[in-house]
Protein chains: 2
Amino acid sequence: MTVNNQVKQKYEARARIIKAMGHPTRLFIVDELSKGERCVCELRDMIGADISTVSKHLSVLKQAGIVGDEKRGLQVWYNLRVPCILNFFGCVEDVLKANVAQARKAIT
Amino acid sequence: MTVNNQVKQKYEARARIIKAMGHPTRLFIVDELSKGERCVCELRDMIGADISTVSKHLSVLKQAGIVGDEKRGLQVWYNLRVPCILNFFGCVEDVLKANVAQARKAIT
DNA sequence: GTGCTATTTGGCTATTTTGCCAAATAACAA
DNA sequence: TTGTTATTTGGCAAAATAGCCAAATAGCAC
């Protein structure tokens with residue numbers, strides 16, 4: 001089976017979503033939002049980067065459809081729109097564990 | 001809670017693995033390997049890119065610990081080392097569906 | 001209206017990623 | 001040995017990403 005244009009677009013759409021998760025700061029944000037909604041300034045305080053940087057990371061996640069936002073007063077509150085994204089963590093942990101085991105085996 | 005160095009490294013390690021999945025070609029490879037092992041030339045034929053390009057994508061996945069390889073004769077056969085990675089697809093599909101629903105709602 | 005705070009956007013540079021070509025390497029056959 | 005095939009590696013240019021600063025925007029209080 002060759003990858004035609006339609007199939008290619010399907011994988012591109014999927015990759016866009018996964019790519020949005022592929023950054024340590026954005027991963028942290030998702031993890032934090034799994035505990036409840038957070039405003040941008042709270043996240044900035046935790047992350048310690050410029051607020052414009054945090055805002056752009058949030059916009060990447062929002063663009064992908066992973067988070068949603070709601071403005072209340074001066075603050076914008078972000079929330080996790082698709083909790084199933086948390087399932088990623090479990091498998092990622094498995095991969096890391098397997099890598100450690102493999103590294104150990106390679107030494108001995 | 002501020003993000004200290006140790007916490008940062010944990011998220012970086014996780015992000016490296018997810019980032020390895022965040023490319024349409026690599027996503028296709030993982031999907032294909034879920035059906036069984038494939039050699040590089042088979043994947044190249046399906047993907048239609050230069051074989052060096054395919055080889056480099058495979059090396060990114062291998063580096064992350066997602067795939068393994070085995071040389072048999074002239075060919076190198078790649079296999080999926082952590083099948084749980086396939087769980088990603090289901091959630092990604094959910095995100096895409098939610099996005100479509102949201103877009104529809106925005107129009108009307 | 002002015003002033004203050006929270007957030008986003010534009011613009012810039014530095015870094016990373018991608019994909020091709022060419023060259024190197026590895027396994028096998030003659 | 002030479003030749004052939006499969007794959008990886010090095011190098012390069014184009015494209016994408018990241019993070020900062022400064023400016024713009026939005027909501028609220030006065």
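To find a chain, count down the sequence lines: A is the first, B the second, and so on, and within it residues start at 1. Given the structure is predicted, the values throughout are model-derived calculations rather than measurements. Both backbone and side-chain heavy atoms feed into the values below; hydrogens, waters and symmetry mates do not.
- When rounded to the nearest whole Å, the span between NZ of B:Lys19 and P of C:dT15 equals 15 Å.
- Under a 4.0 Å N-O distance rule, the pair B:Lys19/B:Glu12 does not qualify as a salt bridge.
- Side chain to side chain, A:Arg81 and B:Asn99 meet the donor-acceptor criterion of an N or O pair below 3.5 Å.
- If you take CG of A:Asp50 and P of D:dA23, they are 14 Å apart, rounded to a whole angstrom.
- As rounded to whole Å, 10 Å separates atom P of C:dG19 from atom CD1 of B:Ile47.
- Taking the six-membered ring where tryptophan is involved, the planes of B:Phe88 and A:Phe88 are essentially parallel, since the angle between them stays under 30° and well short of 60°.
- The side-chain heavy atoms of A:Asp31 and B:Arg14, taken from C-beta on, include a pair separated by under 4.5 Å.
- Nearest nucleotide to the side chain of B:His23, out of C:dC20, C:dT18, D:dC20: C:dT18.
- Remark: side-chain polar atoms of B:Arg26 are paired, donor with acceptor, to backbone N or O of B:Ala20 under 3.5 angstrom.
- Contacts between residues 36-44 of chain A and DNA chain D, defined by a heavy-atom separation under 4.0 Å, are absent.
- With respect to B:Glu93 and A:Lys10, no salt bridge is recorded, no charged nitrogen being found less than 4.0 Å from a carboxylate O.
- Checking D:dT17, C:dT9, C:dT18 against every side-chain atom of A:Ser55, the shortest atom distance belongs to C:dT9.
- Here the side chain of A:Glu42 pairs a donor or acceptor atom with the backbone of A:Cys39 at under 3.5 angstrom.
- Contacts of B:Lys62 with the nucleic acid, taken as non-hydrogen atoms under 4.0 Å apart, are absent.
- Atoms CG (B:Leu58) and P (C:dT17) sit 17 Å apart, rounded to a whole Å.
- Protein atom NZ of B:Lys56 is 12 Å distant from nucleotide atom C1' of D:dT7, rounded to whole Å.
- Rounded to whole angstrom, the span from the CD1 atom of A:Ile29 across to the C1' atom of D:dG19 amounts to 13 Å.
- Listed by residue number, A:Lys71, A:Gly73, A:Leu74 are the residues of residues 64-78 of chain A with a heavy-atom contact under 4.0 Å to DNA chain D.
- Between B:Thr53 and C:dC20, a side-chain N or O to OP1/OP2 separation shorter than 4.0 Å is present.
- Look at B:His57 and you'll find a side-chain N or O under 4.0 angstrom from OP1 or OP2 of C:dG19.
- By the 4.5 Å heavy-atom criterion applied to side chains, B:Met21 and B:Leu27 are counted as neighbours.
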